[in-house]
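For reference, the structure discussed in these notes is given below.
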Amino acid sequence: MLFAQALINGILVGALYSCVAVGFSLVWGVSNIINLSHGIFVILGAYTTFWLFTFFHIDPFLTIPVSAATLFILGFLIQKHLLNYVVGPSQRSGMGVFMSLILTFGLARMLENFMMGIWSGDWRTVTTSYTGLSLMIGGISIPYIRIAVCLIALISTWLLSVFLNRTRTGMAIRAITFSFDGAQIVGIDIAFIFSITFAIGAALAGIAGSLVSLIYSFSPFLSTPYLSWAFVIVVMGGLGSIFGAIIGGVLLGVIESLATVYVGPGYQQAIGFIILVLLLVFRPQGLFGKQFLK
Amino acid sequence: MIMQEKWRVYLIIGVFLLILIILPFMSNKYWIRIFTTIFMYTTLAQATNILMGFAGLVPFGNVVFFGIGAYLTGILMVDFGLSFFPALIFGAVVCFAFASVIGYPILKLKGHYFAIATMGVSEAIKQIATNIQITRGGMGFNLPLIPLKIEAAYFFFYFLMFSAMVLVTLATYWISRSRIGYALRGIMSNEEGAKSLGINTAYYKLVAWGISAFFTGIAGGIFAYWYAYIDPPSVFDIGIAVRFIIMLLLGGAGTIIGPFLGAFFIELLTETIWSKFLFLHLGVLGAIIVLVVIFMPKGFMWFYRQRFSLSALLENVRKGKL
Amino acid sequence: MDVLLEVENVSKFFGGLGANQNLTFNIEGGEIIGLIGPNGSGKTTLINVITGNYTADSGRIRFIGRDIVGLTPYVINRLGIARTYQVVQPFVGMSVLENVATGALFGRSGKNRTLKAGLEKANEVLALCRIVDKRNELVENLTIADVKRLEIAKAMATDPHLLLLDEVMAGLSPKEIDDALEIIAKINKMGVTLLVVEHVMKAVMAISHRVIVLHQGKLMAIGNPEAIVKDEQVIKAYLGEKYVTRRKKSGGS
C-alpha cells in the first residue's frame, strides 16, 4: 500500500520534474549553455503566481500564462544582452565554455538577492479552497491539485514538442542542434534563435514555478532542488530529448518518492546528485540523447 | 629575463611580503581579519590555479575539499583528541586521497561535464554532511577555541593563512617550472597531441587535482579553527568556489601573480562596498563577474601584457559575441 | 635487417564500414615505407590503430617483438613509436621551443631528462628540422611549412624508433617538399624507421624503399616503387578503369 502510494506520488510529481527539466535541456542542447539560474526562474514563476493570487485573487491556474509570458520576456532579454556576449567564436572552446556557467551563476545570485530584498525570505505557498481535496482509489489518496499539475506539466511539454516540430522557428532551433555551422549557412540568425530558445526555456521554468507554488513552499534561497532535478533528468533522459526528459522526470520522481519513504527525507538531493555523477561517468548519453564526452 | 629585471622582480616580491608581515603590527583587528580572509581566498585561487591555469579544467566543486578539510580538522580535534596541526594535515591528506579516487572517473569528462560532475559531488557531500551524526548535521560543528588571547589569536591566524598562501604559491611556481608544468600545459592545449608525446594525461590530471585538493583542504581546516564554528551550507558553498574562480580569472589563470591580484582586488572591493552599501554587494560581485567574463576572460595580467590597450578589450568582446 | 613492426591480420570497423580489413605486412628496421591509396582507403585509420588511438578489432601488432594492441597511446609512444597528425596539433600558446621540449621531456627517454637537458634536446631537434631560428615564436605566428616541421620536430623529440608521418607534405610548395624530403632522409640516416603516408606521388616514390597501397580498407599491393607504379590494379584504383582501358587501346606507355 505504502509502496503504491509512493509510486503514484512519484509519477505525478515526476511530470512536474520533467516540466522543470525540459526548458533547461532545451537551452543546453541548443545553445550549449548550462543555465545555473534556471532554478531561480522557477522561483520567479512561483512568485508571479503567488502575488497574482494573493493580491488579485486570480485562480492560480489562470496565472500560468502570465508567468510564462513574464519569464519569456526576461529570458529573451538576458540572452540577447548578456549571454550572447559569451557564446561567440572565441568562447566555443577551451575555457570559454565555462564563461556562460559562471555568468548564469552570478546572475542567479543577483536575482536571488533581489527577490530576497523586495519579497523577503519568508516561505510562501499557494493554498486555494480546493487544495486539500483528493481522489480516493483503493487506499490511495490522489490530491486533485497534483493531478492537475501533472496534466498541465505534460501539456506544456507536449506543446513544446509541437512547437519544435511544426513551426519554422522550432525547426530553426532544431537545425542548430544538428549542426551549428550548417544552420548558419542556411541563413538562420543564431543570435536571435538563441534568444528565443532561452526565452522558451525561461517560460517553461515559469510554468513549472507556478505549478510548484501550488504544491511546495518556496523562497528565494530554495532554488537549488529545482536546478538539481533539471541536471539529473537531463543527464538521465539524454540531452536534447524531450521524451527523455519526461521519462527521466518520472523516473526521478519515483526514485525520490521511494527513497523518502524507505531511506529518509534528508537524502533526496544527495541521491539525486550521486545518480548524476554516476550517470556522467558510466552512461553519459543517458537513455536517449547526445554524448557528453566530446 | 636579464639580470636587472630578475632582481627587480625579487625586490618587489620581497617588499610586498615585508609589508604584509609588518601590517598586523600596525593596524586594528578589523584589517587583520580582512587580510586573513584575503590570504585565504588567494590560497584557494592559487590552489585552483594548478588545475585551471595549467590543466585548463574548471572545478566548480573544488569547494568540497574546503568543506572536507574543515570538517575533518574539526572532527579529529573534537572526537579524536588530535591537536590542531596534525588534524589539519591529516584532513588535507584525506582531501588529496579523495580527489585521487573520484578523479579517476571524473577527470575523463570534458568541459562543462567535468564542472557539473564536481558540482554534483560537492552538493552530494553537503547533503550527506547535513544528515550524519558525526558532523552534527545541520546544527553545525563547534571547534575548540584556540587557547590564546584574542589579540594573539588574530595574529596567529593571520600568519597561518599567510604561510598557507606562500606555500601554495611556491608549489604552483615549482609546478610551472617542472616537467609537470609542461605536461599540464600540453594537456590544456591539446590533450590528444599530449598523449601522442608520451604524456600519461590521466595521471597528470590526477596529480594536479590532488595537489589542488590538498591545499584547498588546508585552507578549509584553517578556516574551521579560525571561525570555530562551521555548518554544511557555509563550507560546502559553491558560491565560495565561484568567488575564487572569478578571482583567478580576473587576475589571470596560469600566472603566479593572478590569484593575488584577483583576491586582493575583489575582497577589498567587496569589503568596501559592503560596509557602505550592504545590499549592493552581491550586485557588485555580479557586475564584476559580467565584466570579467565579457571583457577580460584571460585576466588582468593578460591586460597588462597588452599594455592596457582598450582595443584589445573591445576585440575580446567582438570575438566573444555571437 | 630486423623486423621492427609486424602487422598481422589487423581489422578495424566503424559500424559496418571496414576501414582496415585483414591488413598484414612487416616493416623492417631502417626502412622508409610509403603508404598510399585513394582518399578513404584507411591510411589514417591504420596509423591510429598502430599508435593506439584506435584499438584494432582483430589481429595482432607486434613492435620489437612486443604485442601492442590494446595499449594506450602514451604507452606506445614511450615504447618508441611517434606520429604526426594530418590536421596539425601544435600546443597553442606556447613557443616552438616549448612545444618540442614537451616531447623531449616525455616520450621514450624523457623521464630521465632534467628540464635543462630537455631544452637542449629540443634545440638539437629544432636544428634537425630546420626551424631553430623560429624557436621563440608562438606557434600561432608560424607559416604552414613551419608548422609541419614543428609537428615532425615534436615527434622526433620523443626519440622514436618508428616515426609515422601522416601527410606532412600537404599544402607545401615544391621547394618546401624538397626540404621535407631532405629532413626525412636525414632522420632515416640517424636510424629511425619511417612510415610515410602521402598523396604527393613524386615525393613518396622518390624516398621510399617499399610502398604499400591501400584500397577500400584492404591491402592492394606491396613492393618497391617502380613495381607499384606499373601495377595495373593500382593504376585502376587511382585513375579509374576507363583510364586503364584507354591506355591499353593507345598502346600503353
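This is a predicted model, so every value here is computed, not measured. Chain naming here is simple, since letters A, B, ... match the order of the sequence lines and numbering starts at 1 in each.
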With a sphere of 6.0 Å drawn around [atom1] of [X], does it hold more than 12 non-hydrogen atoms of other residues, nucleotides or ligands?
{"X": "A/Phe180", "atom1": "CZ", "answer": "yes"}
{"X": "B/Tyr304", "atom1": "OH", "answer": "no"}
{"X": "A/Tyr216", "atom1": "OH", "answer": "yes"}
{"X": "B/Ile257", "atom1": "CD1", "answer": "no"}

Tell me, side chain or backbone of [X] under 4.5 Å from chain A's heavy atoms, or both, or neither?
{"X": "B/Ile102", "result": "neither"}
{"X": "B/Ile288", "result": "neither"}
{"X": "B/Phe60", "result": "side chain"}
{"X": "B/Ile125", "result": "neither"}

Ring pair (Phe, Tyr, Trp, His ring centres under 6.0 Å) against B/Tyr41, all qualifying residues, sequence neighbours excluded:
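Applying ring pair (Phe, Tyr, Trp, His ring centres under 6.0 Å) to B/Tyr41 gives none.
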
With side chains defined as the heavy atoms from C-beta onward, is the minimum distance between B/Asn316 and B/Phe295 less than 4.5 Å?
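No, too far: nothing below the 4.5 Å cut-off.
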
Between [X] and chain B, which part of the residue has a heavy atom less than 4.5 Å away: side chain, backbone, both or neither?
{"X": "A/Thr224", "value": "side chain"}
{"X": "A/Ile102", "value": "both"}
{"X": "A/Phe194", "value": "side chain"}
{"X": "A/Leu107", "value": "neither"}

Donor-acceptor under 3.5 Å (B/Thr130 side chain, B/Gly137 main chain):
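Not at all, since once roles are kept as given, no pair shorter than 3.5 Å links the two residues.
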
Check whether NZ of the Lys or CZ of the Arg A/Arg109 lies under 6.0 Å from the centre of the six-membered ring of A/Phe105 and within 45 degrees of that ring's axis.
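Here A/Arg109 passes the 6.0 Å and 45° test against A/Phe105.
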
Kindly compute the distance separating OG1 (B/Thr135) from NZ (B/Lys126), expressed to the nearest 0.5 Å.
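Reported to 0.5 Å precision, the distance equals 13.5 Å.
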
Within residues 76-88 of chain A, residues adjacent to chain B where the heavy-atom gap is under 4.5 Å
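Hits under 4.5 Å: A/Leu82, A/Asn84, A/Tyr85, A/Val86, A/Val87, A/Gly88.
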
